[in-house]
Structure formats: structure tokens, C-alpha cells
Amino acid sequence: MDPVAALEEIAFLLERDRASSFKSKAFRRAADVIGAYSADELAARVRDGRLKRTKGIGDTTYTVIAEAVGGAVPAYLADLRERSGPAIAESRLGLRAQLKGDLHSHTEWSDGTTPIATMARAARLVGLEYLVISDHSPNLTVANGLSAERLQEQLGVLDELNAVDELGGGGIRLLSGIETDILLDGTLDQAPELLDRLDVVVASVHSKLRMESREMTERMLRAIEDPRMNVLGHCTGRLVEGSRGTRPQSTFDARAVFAACAEHDVAVEINSRPERQDPPDDLIQVALEAGCRFSIDTDAHAPGHFSFLDLGAARAEANGVPADRIVTTWPVDRLLEWAGSKKRAA
């Protein structure tokens with residue numbers, strides 16, 4: 001099989017299984033190295049041992065490449081497929097089949113692991129038609145949040161990627177966005193004039209998650225009233241499993257917050273990450289009764305995380321969320337019209 005494809009599939013499967021990012025990065029780095037060689041040159045370098053001495057190629061990645069060059073499915077890849085299934089399901093059913101976009105993803109510009117184009121190819125691979133690049137905002141320094149200057153630079157990169165066939169065949173549209181912090185006073189963590197330029201604004205609480213319920217409610221309500229905000233990200237901030245341990249959910253007046261989301265047409269995110277599962281089922285029901293729209297997002301930090309859409313769709317389906325109230329089932333033009341309508345009305 002194609003050795004670059006083998007390395008990238010291994011990285012995808014490791015990311016999907018939430019293995020150490022160092023492992024997946026090693027396979028992606030090796031794929032970048034050998035991508036510069038023709039098939040004949042790569043085979044020659046395997047035969048004479050030069051590849052083994054090449055920077056960026058380790059013992060494991062060399063074995064994978066050699067087996068693929070020899071025409072076999074590498075044993076490492078075969079074992080991953082057997083243990084966790086293929087990278088991409090052959091068929092998508094139910095609500096998952098209706099998802100067209102993802103409004104919440106991160107790249108190496110903040111705390112993601114790969115370039116924008118790599119994330120875009122993976123999103124297209126799982127069947128998406130559009131992807132919002134929503135890296136973090138300046139206040140979240142631990143996640144390398146984007147300053148105003150860096151965000152403007154990223155907007156130029158997105159324009160370039162959308163303008164040329166940079167993604168290997170096209171087929172996905174990249175939308176500009178941000179996951180902006182909801183600051184302690186409820187304001188959004190980026191210059192208003194920059195937020196006005198973005199296609200989609202996801203706003204989330206990342207700090208002081210254990211603040212008193214009344215104060216948290218006021219903080220969230222002020223953010224929701226901002227006409228630039230489109231999606232309320234992982235609203236409780238909880239962690240239910242995973243390498244970061246567990247974290248209880250924030251407390252706030254859910255009925256008041258979701259009533260405000262419905263009033264101001266802010267979608268409630270159903271965060272698909274296994275360690276978040278946010279909101280919990282009881283709060284999805286409160287938001288549903290309040291008349292909210294929803295956005296099923298991956299919060300992807302690596303290409304393999306786009307497979308989490310299956311989990312988010314399953315939770316929405318189990319909770320009886322109608323497909324038309326999920327903005328990520330909409331075609332891109334309808335999504336953009338909805339996201340921009342509040343800004344134009346303000």
C-alpha cells in the first residue's frame with residue numbers, strides 16, 4: 001500500500017484512540033519526510049539503508065514504510081485496525097449521515113497538533129462539507145491563544161487555502177472562526193471589529209469554572225447577549241474521563257441560560273469529545289425544551305478527533321434532538337446566513 005497513506009492512517013487511528021500525541025506526531029513527521037520522494041527513490045532508499053539513517057524516521061516508522069513499499073499492509077496498521085476498527089466507517093447512518101459541518105476545531109496555530117490543511121483533509125475524509133477553524137483567543141495563553149495580529153494572519157491563510165486547490169482535490173470549505181473565552185465579566189476575548197469579520201464565533205468558559213452559580217449565570221448571560229456570539233461551547237466545562245482526570249460541571253441557572261440562547265439565537269454545542277460529553281443529557285433536555293438550536297462539534301485538536309462526530313450524533317439522537325434544529329446539518333449557505341444575521345441586525 002502507499003506508505004504515506006499508511007503512516008497517516010496510523011496517526012489518525014492513534015488520535016482517534018486518544019493515544020499520546022508524541023506517537024501520532026512521529027508518524028505524521030515520517031509521512032512528511034517521505035512525501036518528498038518519488039516511489040522509485042523511496043524504494044531505493046529502503047533497499048540501501050539510507051532511509052533508516054534519515055532524520056525524522058525511527059525504527060517503527062521505518063518498518064511501516066518498508067512493509068508498505070514491499071506491497072504489504074504494515075503489521076502495525078493491521079493491528080490497529082483489528083483492535084479499533086478502520087479509520088473511516090464504510091457507511092454513515094441516521095443523524096450522523098446528515099452532518100455537513102463542524103464549527104469547533106483547533107490547529108497548530110493554538111493548541112492543536114497539525115496544520116490547517118491537514119485538519120481540512122481529515123474533515124473531508126469523514127464526509128464534511130465545511131469546517132470552521134476556531135483556534136483559541138488571547139486570554140488562554142496556556143493554549144497559545146491567537147492575538148489580534150495572529151488571527152488576522154490566519155484569516156489570510158484561510159483565504160489562500162480556499163482560493164487554490166491546496167487541500168488535494170478540494171471538496172471542503174474552510175470558514176473563519178474562533179473559540180473565544182468568556183471572560184469573568186462576560187465579555188468576549190477578542191477585538192469586536194475582528195469578531196465581526198469572522199464567519200462563526202464559538203464562546204466558552206475556560207477559567208474560574210467553580211465560581212458561584214449566580215455569578216456564573218450572569219457571566220454567561222452577558223456573553224450570550226453579544227450579537228457576535230453564535231455558539232455556546234462545552235457549557236458546563238466538565239470532564240468525565242481521560243488523561244486530564246475528571247472535573248465536576250460548573251453550576252449555573254440552566255433554564256435562564258438556555259432561554260437566553262433561544263432568545264438570542266445562540267446554538268448550544270453538543271461537544272462530541274468522549275471526555276467532555278457536554279452538556280449532560282439532562283441539560284440537553286432543558287435546552288431542547290427552551291427551544292434552542294444545537295451544534296454538534298468535535299472540538300478536534302488532531303485529525304483523528306473528527307471521528308468523535310459519531311459520538312456527538314448518537315447523543316443528540318438519543319435525546320430526540322430534531323435534525324433541523326442542529327445547525328451543522330445545514331448547507332453552508334444557510335449556516336453562514338444564520339451566523340451572520342445577528343451581526344447585521346446589531
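Quantities reported herein were computed from a predicted structural model and do not represent experimental measurements.
Summarising the geometry, atom CD belonging to Glu160 is positioned 10.5 Å from atom CG belonging to Asn162; distances are rounded to the nearest 0.5 Å. From Leu174, atom CG reaches atom CG of Leu158 across 6.0 Å, with rounding to the nearest 0.5 Å. Distance check: Phe294 CZ to Arg315 CZ gives 10.5 Å after rounding to the nearest 0.5 Å. In this structure, CG on Leu103 lies 8.0 Å from CG on Leu175, to the nearest 0.5 angstrom. In this structure, Arg150 CZ and Ser137 OG are separated by 11.5 Å, a value rounded to the nearest 0.5 Å. Atoms CZ and CD1, on Arg45 and Ile57 in that order, are 10.5 Å from each other to the nearest 0.5 Å.
Of the possible donor and acceptor atoms, none in the side chain of Arg293 sits under 3.5 Å from a partner among the backbone N and O of Val327. Side-chain N or O atoms of Thr180 include one that pairs as donor or acceptor with a backbone N or O of Asp189 at under 3.5 Å. Between the side chain of Arg18 and the main chain of Gly242, no donor-acceptor pair closer than 3.5 Å is present. Looking only at distances, a side-chain donor or acceptor of Ser105 sits under 3.5 Å from a matching main-chain atom of Val132. Counting only distance, with no hydrogens or angles, the side chain of Arg92 and the backbone of Asp310 share no donor-acceptor pair below 3.5 Å. A donor-acceptor pair under 3.5 Å is formed between the side chain of Arg247 and the backbone N or O of Gly237. No donor-acceptor distance shorter than 3.5 angstrom exists from the side chain of Asp17 to the backbone of Ala19, with no hydrogens or angles considered. Judged by distance alone, the side chain of Asn271 and the main-chain N or O of Asp278 form no donor-acceptor pair under 3.5 Å.
A pairwise comparison of heavy atoms in Ala6 and Val64 identifies CB-CG1, 4.3 Å as the closest pair. Closest of all the heavy-atom pairs between Asp299 and His234 is OD2-CD2, 3.9 Å. Contact between Val231 and Ser295 at its shortest, heavy atoms only, is CG1-CB, 4.3 Å.
You'll find the side chain of Gln190 reaches within 4.5 Å of the side chain of Ile178, heavy atoms only. Side-chain contact between Pro248 and Arg210 is present, with heavy atoms from C-beta onward closer than 4.5 Å. When side chains are defined from C-beta on, Asn319 does not count as touching Leu288, because their heavy atoms never get closer than 4.5 Å.
Annotation: Asp59, atom CG; neighbour count of heavy atoms from other residues, nucleotides and ligands within 6.0 Å does not exceed 12. Heavy-atom neighbours of Arg255 CZ from other residues, nucleotides or ligands within 6.0 Å: at or below the threshold of 12. Counting heavy atoms of neighbouring residues, nucleotides and ligands inside a 6.0 Å radius, atom NZ of Lys100 exceeds 12 of them.
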#### Entry: Stepwise side chain to side chain contact (heavy atoms under 4.5 Å, CB included) check, Ile34 with Thr54
CA-CA 10 Å; Ile34 68 171; Thr54 302; over 6 Å; no
### Message
Run the side chain to side chain contact (heavy atoms under 4.5 Å, CB included) test on Tyr62 and Ile65 for me, step by step, so that the C-alpha distance in whole Å, both residues' side-chain angles and the decisive distance to 0.1 Å come before the verdict.
### Response
CA-CA 5 Å; Tyr62 173 80; Ile65 295 165; 5.6 Å; no
### Query
After noting the C-alpha distance and the side-chain angles of Leu7 and Val4, does the key distance pass the side chain to side chain contact (heavy atoms under 4.5 Å, CB included) rule?
CA-CA 5 Å; Leu7 292 164; Val4 171; 5.6 Å; no
### Task
Using the salt bridge (charged side-chain N to carboxylate O under 4.0 Å, His left out) rule, take Arg214 and Glu218 through it: C-alpha gap first, then chi angles, then the decisive distance, then the call.
CA-CA 6 Å; Arg214 181 183 58 79; Glu218 292 174 356; 3.2 Å; yes
### Task
Kindly indicate, with the supporting measurements, whether the criterion side chain to side chain contact (heavy atoms under 4.5 Å, CB included) is fulfilled by Leu77 and Phe27.
CA-CA 11 Å; Leu77 175 56; Phe27 287 98; over 6 Å; no
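Salt bridge annotation for Glu317-Arg96: absent, with no cationic side-chain nitrogen under 4.0 angstrom from a carboxylate oxygen. Taking the charged nitrogens against the carboxylate oxygens, Lys208 and Glu215 have no contact shorter than 4.0 Å, which rules out a salt bridge. The pair Asp297-Arg276 fails the salt-bridge criterion, with no side-chain N (NZ, NE, NH1 or NH2) lying under 4.0 Å from an Asp/Glu carboxylate O. A salt bridge does not link Arg197 with Glu193: every distance from a Lys NZ or Arg NE/NH1/NH2 to an Asp or Glu carboxylate oxygen is 4.0 Å or more. Looking at Arg28 and Glu15, a side-chain N of the basic residue comes within less than 4.0 Å of a carboxylate O on the acidic one, giving a salt bridge.
In the hydrophobic clustering of this structure, Leu183 does not group with Val205; members are Ile, Leu, Val, Met, Phe, Trp, Tyr whose side-chain heavy atoms approach within less than 4.5 Å, directly or through other members. Criterion: ILVMFWY side-chain heavy atoms under 4.5 Å apart, direct or through other members. Under it, Leu99 and Leu125 are part of a common hydrophobic cluster. Hydrophobic clustering (ILVMFWY, side-chain heavy atoms < 4.5 Å, transitive): Val33 and Met1 are in one cluster.
Side chains of Asp185 and Thr187: a donor on one and an acceptor on the other come within 3.5 Å.
The aromatic rings of His106 and His136 lie parallel to each other, their planes meeting at an angle below 30°, with 60° marking the opposite boundary.
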